[in-house]
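Notes follow once the structure below has been shown.
If you're wondering where the values come from, they're calculated on a predicted model, not measured in any experiment. Along the sequence shown, residues carry numbers from 1.
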Amino acid sequence: MGRPRAFDEDEAVRAAVGLFGGRAYDGVSVDDLVAHLGVHRNSLYKTFGSKRGLYLAALRRHLADDVRRLCDALAAASDTATALRLVTSADLGLLLLAAVERAPADEEVAAEVEAALLAIDQAIADALAIPAELAAALTATALGILLRGNPGGVGTALTQRLDPLH
């Protein structure tokens, strides 16, 4: 009979969100996971099957927690500037890294990323009563600002110009 699990799977997945969100899939080794999560290698493989299995669990947790929280906040956005500020201040590191690093090579990750982006688009479209295409453009702009780190306060400057859209 095997030993009982000596780690909290939920805590391990939450910690993996931070690790993968900060260094991306290819920047995290199994040794990094073992050390950072405090999980034995055998336990990691037994529970998640592989590094990819843990990555998918972490990505799904990030989308269920962080992206859903963003979409809920966006539902209350009363103007374009607020929506832009919400997206550019959200913790979406793992989503962004998944979109650029894993989605092009992994269909399952691509589907998760696409669903998350569509949810953000829809939340913006519904809140601002704008066409889906315009909401998608706002999402793309906001994620670009987030990805670039808001150089020169471009997000603030843009929000001042976007207010007439609403």
Fill in: Distance (rounded to the nearest 0.5 Å) between D79 CG and L128 CG
7.5 Å

Worksheet item: Between V13 and F48, is any pair of side-chain heavy atoms under 4.5 Å apart?
Response: yes

Worksheet, complete the sentence: Rounded to the nearest 0.5 Å, the CG atom of D121 sits from the CG atom of L134 at a distance of 10.5 Å

Worksheet item: Quick one: does K51's side chain get under 4.5 Å of Y45's, heavy atoms only?
Response: no

Practice prompt. Grab the two heavy atoms, one from A123 and one from L74, that are nearest each other, plus how far apart they are.
Written response: CB-CB, 3.9 Å

Worksheet item: Checking side chain to side chain contact (heavy atoms under 4.5 Å, CB included) for the pair V34/H40: CA distance, chi angles, key distance, verdict?
Response: CA-CA 6 Å; V34 169; H40 288 55; 5.9 Å; no

Response to the item:
For R52, the salt bridge (Lys or Arg N to Asp or Glu O under 4.0 Å) test, sequence neighbours excluded, returns D106, E108

Worksheet item: For A127 and A75, which heavy atoms make the closest approach, and how far apart are they?
Response: CB-O, 3.9 Å

Worksheet item: Could you state the interatomic distance from OG1 (T80) to CD1 (I130), rounded to the nearest 0.5 Å?
Response: 6.0 Å

Worksheet item: Roughly how far, to the nearest 0.5 Å, is CZ of R148 from CG of L143?
Response: 13.5 Å

Worksheet item: Does R102 reach the side chain of D26, with side-chain heavy atoms less than 4.5 Å apart?
Response: yes

Worksheet, complete the sentence: What one should report as the nearest heavy-atom pair of T88 and A142 is CG2-O, 3.5 Å

Discussion item. How long is the straight-line distance from CD of E101 back to CG of L96, given to the nearest 0.5 Å?
Written reply: 12.0 Å

Worksheet entry | Whether H62 side chain and L95 backbone form a donor-acceptor pair below 3.5 Å | yes

Worksheet item: Once you round to the nearest 0.5 Å, how far does SG of C71 lie from CD of Q122?
Response: 9.5 Å

Worksheet item: L97 and V87: same hydrophobic cluster, using ILVMFWY side-chain contacts below 4.5 Å?
Response: no

Item to complete: Kindly indicate whether the side chain of L138, heavy atoms from C-beta on, has any atom under 4.5 Å from the side chain of L84.
Response: no

Response to the item:
Closest non-hydrogen atoms of P104 and A98, given as atom of the first, atom of the second and distance, are CD-O, 4.5 Å

Discussion item. Can you tell whether the side chains of D91 and R69 come within less than 4.0 Å, N to carboxylate O?
Written reply: no

Item to complete: Using a 4.5 Å cut-off on heavy atoms from C-beta on, say whether the side chain of R68 contacts that of L63.
Response: no

Worksheet item: Any idea how Y55 and F20 line up, ring-wise: parallel (<30°), tilted (30 to 60°), or perpendicular (>60°)?
Response: perpendicular

Practice prompt. Measure the shortest side-chain to side-chain distance between V39 and L33 over non-hydrogen atoms and say whether it is less than 4.5 angstrom.
Written response: no

Fill in: Check: L44 main-chain N/O paired with T47 side-chain donor or acceptor under 3.5 Å
no

Worksheet item: Less than 4.0 Å between a side-chain N and a carboxylate O, is that true for R23 and D32?
Response: yes

Discussion item. Using every non-hydrogen atom in the two residues, find where D8 and D10 come nearest and quote the distance to one decimal.
Written reply: OD1-N, 2.8 Å

Item to complete: Please report the shortest heavy-atom distance between A73 and L86, naming the atom on each side.
Response: O-CD1, 3.6 Å

